[in-house]
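Position 1 is the first residue of the sequence, and the numbers go up from there.
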Amino acid sequence: MRPFTYDKATTEQDAITMRAGANAMFLGAGTNLVDLMREGIEAPDTLVDVTALSRSIEELGKGGLLIGAAASNTAVAENIMVRRRYPALSRAILAGASAQIRNMATVGWNILQRTRCTYFYDVDGSRCNKRQPGSGCDALGGVNRGHGILGVSESCIATHPSDMCVALAAFDAEVHLVSDAGRRVVPLIDFYRLPGDTPHVETVLAPGELITAIELPAPLPGARSAYRKVRDRAS
């Protein structure tokens, strides 16, 4: 891992100002970013820790919820309003990772996990258009049973790893963003970009833009939900 500087933001404006450097990145819990740095896939000069920002889970006037980006996955899964109104979200989080990771991982940076596959991590042995645009995709002709089927391209067939995001998309969640240009709200399903010819560009985030919260609309009257994860092995 190459040397980097570390700053800790206490306000949103703090974070945006600190992130202004050309090669700076926001740091949530680091459960994905630190791994990528160890592998040499990401190499920021500066990390801006934003875990001091909002962790609240607040009820909105029309029955929805506003979840601070720094809220832990465990806090969301265990929240009584989430469990009663959006049970599929709670179950998806529980299915997605161990208790240790859930206790560390934050909502905002769960969303920002890199879309990836095993070839993405094979820095020295495999071509990957996400790591090096235009180099090719060895997953296309490789072992790809667990790769993407819908929304893929000739440049990338990786899948986003988040169970939580599947449930958020089903509930029509929205992502709250802030930057020097102001605030905006983007539907989660529009937040991610399909790979096309530029699979290394994964979201619609502008440079320096920060996720501040996730908004869940009120569930429909009488609505019920469940999340079941089917895989070869349960653990």
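- Side-chain N/O atoms of E215 and H176 include a donor and acceptor closer than 3.5 Å.
- Counting only N and O atoms by type, the side chains of E78 and T74 include no donor and acceptor under 3.5 Å apart.
- Checked for salt-bridge contact, E59 and R85 meet the test: a charged N lies under 4.0 Å from a carboxylate O.
- Using a 4.0 Å cut-off between a side-chain N of Lys or Arg and a carboxylate O of Asp or Glu, E202 and R114 qualify as a salt bridge.
- With no hydrogens or angles considered, no side-chain donor-acceptor pair links S155 and K130 at under 3.5 Å.
- Look at D45 and R2 and you find a salt bridge, because one of the NZ, NE, NH1 or NH2 atoms lies within 4.0 Å of a carboxylate O, short of that distance.
- Of the N and O atoms on the side chains of T106 and S72, not one donor lies less than 3.5 Å from an acceptor on the other residue.
- Salt-bridge annotation for D232 and R145: present, with a side-chain N of the basic residue lying under 4.0 Å from a carboxylate O of the acidic one.
- Taking OG of S153 as the start and CG of D197 as the end, the distance is 6.5 Å to the nearest 0.5 Å.
- For the 3.5 Å distance criterion, the side chains of S54 and S56 qualify, holding a donor opposite an acceptor.
- Atom CG of N110 sits about 12.0 Å away from atom CZ of R102, to the nearest 0.5 Å.
- By the 4.0 Å N-to-carboxylate-O rule, E12 lies close enough to R183 to be salt-bridged with it.
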